[in-house]
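Worksheet for the structure shown next.
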Amino acid sequence: MEFGGPCWLIHGSITSRFAIYSIGLATVAYVPYLTWLIWFHPLSRFPVKALHGKYGDVVRWAPNELSFACADAWKDIYDRRKDGKVLTKDPVWYRKDATMRAEHIVNADDPARHAEIHKMMAYAFSAKALLEQEDLILQYTGQLGEAIKEQSARGPINLDAAIWTLPIVPYFQYWLTPKAVREGGARYAMESKEDILRGERDGPKSDRIDFVSYILKKRQELNITDSQLAAHSNALIVAGSETSATVLSGLFFYLCKHPDVYAKRKKEVRSDFTSADEIMAKGAEGLSYLTACTNETFRIYPPIPIAMPRVTPKGSCTITGCFVPEGTVIGVYVWSVTHNPENFNDPDAFHPERWFEKSDNLDASNPFLMGPRMCMGINMTWIEVRVMAAQIAHMFDFELEDKTFD
Ligand code: HEM
Ligand SMILES: *[C@@H]1O[C@H](CO)[C@@H](O)[C@H](O)[C@H]1NC(C)=O
Ligand SMILES: *[C@@H]1O[C@H](CO)[C@@H](O)[C@H](O)[C@H]1NC(C)=O
Ligand SMILES: *[C@@H]1O[C@H](CO)[C@@H](O)[C@H](O)[C@H]1NC(C)=O
């Protein structure tokens with residue numbers, strides 16, 4: 001222990017087993033449905049992974065739904081296909097209405113409409129825009145460091161809770177409070193609409209260009225209603241904060257559980273940088289062991305572990321060589337494909353070295369999906385995770401208070 005406090009607690013996090021199934025995009029809107037799906041659905045007592053273990057790589061887990069656990073299904077379901085067929089988002093799962101569930105970047109299911117929205121948002125995710133936001137990420141990392149220092153002087157801390165208090169999606173600081181969105185759910189979604197509209201009328205509180213600025217620019221042209229404006233903001237916050245917080249929590253948890261990995265990772269960051277404030281997005285890219293640890297966390301503890309559902313097109317299509325009739329809801333079950341021993345040796349073991357050894361089927365892990373509906377925040381996430389994980393690891397030493405915590 002090099003800094004202060006008696007011991008460091010990473011606790012409770014690390015979202016409970018049930019949460020694993022409940023983390024989805026647009027969670028705000030889907031909480032009741034997910035609750036039903038997880039606890040009350042007739043199939044709820046049969047975890048999907050167990051089903052795949054028993055019945056193989058393709059499981060019919062509802063009358064009209066198939067779950068895939070094989071790596072080849074990724075391209076066939078989510079990527080642009082050679083035969084030109086398009087599997088669209090399942091309108092039942094990604095359902096919409098005129099108010100609370102207005103159309104937004106994640107639930108837009110018509111490919112042409114989605115393309116317009118995607119184009120509008122792409123500026124906010126460009127390399128240039130990300131660079132402009134870097135100082136905010138650094139600022140939040142500094143805040144996290146301060147909070148850890150202060151709390152640890154008093155005793156063990158809950159690192160997961162500390163991560164959760166961060167506005168991890170930096171773009172919204174002038175418009176919304178991400179924490180309040182998570183806590184207040186649907187009610188807050190509508191209140192935040194008022195905030196944004198007030199901002200539109202009065203002008204933003206700063207010169208910083210953010211997501212909302214890009215949406216406002218195209219609002220007229222793309223006929224974006226007030227409700228849709230609020231829905232976009234909420235979708236981005238939900239998509240970007242819970243997911244990033246989960247992977248950071250998971251990363252620290254697995255590091256603490258594996259002292260050999262922890263030691264290597266600490267050595268890397270402390271030999272590449274002499275102080276924490278030297279660590280910025282560009283330099284942190286070179287931390288290859290940290291990258292491998294993060295890839296391994298994404299694999300073993302994917303923030304979105306479920307199958308994002310798509311509908312097969314008119315006239316059917318083939319998935320990994322199997323014929324699937326039109327109108328079937330299908331997806332790759334992320335947790336199953338990344339814990340499938342056909343893809344990864346000893347899949348339940350946290351083993352970052354597998355990302356260098358390359359004897360596993362590494363392409364089977366796609367925590368951000370692929371194709372036209374792939375996560376737009378992937379590059380932003382890598383900056384956040386690298387900078388935060390590296391700076392915090394440079395400043396502090398961690399250990400689990402409860403070594404048996406699982
Ligand atoms: C650990 C971090 C993250 C993971 C694992 C993740 C994962 C995903 C996944 C799996 C999807 C596809 C969802 C679907 O098919 O319905 C998605 C979509 C999306 N994500 Fe992320 N995400 C992360 C962070 C972020 C961040 C930081 C942002 C930025 C605000 C973001 C913005 C988006 C957007 C805008 C979409 C919709 C893209 C589209 O449909 O065109 N994500 N994400
Ligand atoms: C917006 O609405 C107008 C009038 O209803 C319509 O003509 C136009 O095609 C719409 N634009 C888009 C991009 O949907
Ligand atoms: C981590 O994963 C990404 C995406 O799959 C890959 O491009 C990269 O080479 C991997 N690197 C390491 C060191 O694990
Ligand atoms: C992420 O960055 C890479 C390299 O700059 C770029 O090719 C890719 O299109 C970016 N992805 C997204 C979703 O912005």
Side-chain angles (χ1 to χ4, degrees), residues 23-27 30 74 77-78 87-90 93-94 103-109 111 113-131 133 137 167-172 178 210-211 214-215 232-251 268 285-299 301-310 331-332 334 351-358 360-386 388:
I23 299 165
L25 276 179
T27 321
Y30 300 125
W74 277 118
I77 297 176
Y78 299 100
L87 283 81
T88 49
K89 287 201 165 187
D90 171 20
W93 174 268
Y94 298 95
E103 172 193 77
H104 56 66
I105 176 73
V106 178
N107 72 5
D109 54 356
R113 177 65 175 165
H114 170 260
E116 289 173 356
I117 300 174
H118 189 275
K119 197 171 153 206
M120 164 182 83
M121 292 214 166
Y123 300 105
F125 290 101
S126 65
K128 183 169 167 285
L130 291 184
L131 213 62
Q133 305 292 341
I137 294 174
I168 297 211
V169 181
Y171 297 78
F172 289 99
D210 63 12
F211 283 115
Y214 290 108
I215 301 173
H232 279 305
S233 305
N234 283 294
L236 288 167
I237 290 171
V238 174
S241 48
E242 181 148 335
T243 46
S244 308
T246 303
V247 71
L248 277 168
S249 302
L251 176 61
E268 180 187 59
E285 256 174 41
L287 295 164
S288 60
Y289 196 65
L290 169 61
T291 302
C293 291
T294 309
N295 278 355
E296 183 66 345
T297 306
F298 274 129
R299 180 193 72 81
Y301 195 68
I304 300 181
I306 58 176
M308 300 320 282
R310 303 293 188 260
V332 174
V334 176
H351 182 55
E353 282 71 19
R354 68 171 88 241
W355 294 88
F356 299 115
E357 291 159 1
K358 299 194 191 292
D360 288 327
N361 184 4
L362 300 176
D363 293 339
S365 179
N366 292 294
F368 299 94
L369 270 48
M370 59 172 66
R373 303 311 293 264
M374 181 183 180
C375 178
M376 295 182 82
I378 179 171
N379 293 328
M380 183 178 164
T381 303
W382 273 102
I383 295 176
E384 280 172 5
V385 173
R386 283 198 176 108
M388 287 198 184

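Residue numbers count from 1 along this sequence. These numbers come from a predicted model, not from an experiment. Atoms within each ligand, like the ligands themselves, are counted from 1 in listed order.
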Contacting atoms of ligand 1, where contact means under 4.0 angstrom from a heavy atom of L236: 30 (C), 35 (C)
Closest candidate by heavy atom, reference atom 10 (C) of ligand 1, pool P367, P305, A122: P367
Interfacing atoms of ligand 3 (cut-off 4.0 Å, heavy-atom, N295): 1 (C), 2 (O), 3 (C), 8 (C), 10 (C), 11 (N), 12 (C), 14 (O)
Per atom 15 (O) of ligand 1, closest listed option by heavy atom (R373, R310, M374): R310
Element-labelled atoms of ligand 4 that are located less than 4.0 Å from some non-hydrogen atom of I378: 13 (C)
N/O donor-acceptor pair under 3.5 Å between E384 side chain and I137 backbone: no
Heavy-atom side-chain proximity of T381 to F368 below 4.5 angstrom: yes
N or O contact, T381 vs ligand 1, cut-off under 3.5 Å: no
Stepwise salt bridge (charged side-chain N to carboxylate O under 4.0 Å, His left out) test for R354 and E357: CA-CA 5 Å; R354 68 171 88 241; E357 291 159 1; over 6 Å; no
Ligand 1 to Y94 polar contact by distance, N or O atoms, under 3.5 Å: yes
N/O donor-acceptor pair under 3.5 Å between H104 side chain and S233 backbone: no
Step-by-step salt bridge (charged side-chain N to carboxylate O under 4.0 Å, His left out) determination, R299 to E296: CA-CA 5 Å; R299 180 193 72 81; E296 183 66 345; 3.0 Å; yes
Where ligand 1 meets K89 - atom numbers and elements under 4.0 angstrom, heavy-atom basis: 14 (C), 15 (O), 16 (O)
Between E103 and Y94, a side-chain donor and acceptor under 3.5 Å: no
Sidechain-backbone polar pair: W74 side chain, A364 backbone, donor-acceptor under 3.5 Å: yes
Nitrogen or oxygen atoms of S244 and ligand 1 under 3.5 Å apart: no
R113/E116 salt bridge by N-O under 4.0 Å criterion: yes
Parallel, tilted or perpendicular: rings of Y289 and F356 (30°, 60°): parallel
Selected option - heavy-atom contact closest to atom 42 (N) of ligand 1, from G331, P372, C375: C375
Side chain proximity check, I304 to T243, heavy atoms < 4.5 angstrom: yes
Contact check, F125 vs ligand 1, heavy-atom distance below 4.0 Å: yes
Heavy-atom closest pair, residues A235 and V106: CB-CG2, 4.3 Å
Any protein heavy atom nearer than 4.0 Å to atom 11 (N) of ligand 3: yes
Of the listed options I304, V106, N379, closest to atom 37 (C) of ligand 1 (non-hydrogen atoms): V106
Heavy-atom protein neighbour under 4.0 angstrom from atom 7 (O) of ligand 3: no
Heavy atom of the protein closest to atom 1 (C) of ligand 4 (residue, atom name, distance): N379 ND2, 1.5 Å
N or O pair under 3.5 Å between H118 and ligand 1: no
Atom 4 (C) of ligand 3 touched by protein heavy atom at under 4.0 Å: no
Identity of the nearest option to atom 26 (C) of ligand 1, non-hydrogen atoms only, from G240, G371, A115, A124: G240
Close side-chain approach of I215 to M121, heavy-atom, < 4.5 Å: yes
For F298, atoms of ligand 1 separated by under 4.0 Å from a heavy atom: 1 (C)
P303 contact mode with ligand 1 (heavy-atom cut-off under 4.0 Å): side chain
Minimum-distance pair of heavy atoms, taken over all atoms of G250 and T297: C-CG2, 3.7 Å
Proximal ligand 1 atoms for L369, defined as those under 4.0 Å from one of its heavy atoms: 10 (C), 12 (C), 15 (O)
Heavy-atom closest contact (I117 atom, A108 atom, distance): CD1-CB, 4.1 Å
Non-hydrogen protein atom less than 4.0 angstrom from atom 14 (O) of ligand 4: yes
Heavy atom of M121, distance to ligand 1 below 4.0 Å: no
Within-shell test, F356 vs ligand 3, heavy atom, strictly < 4.0 Å: yes
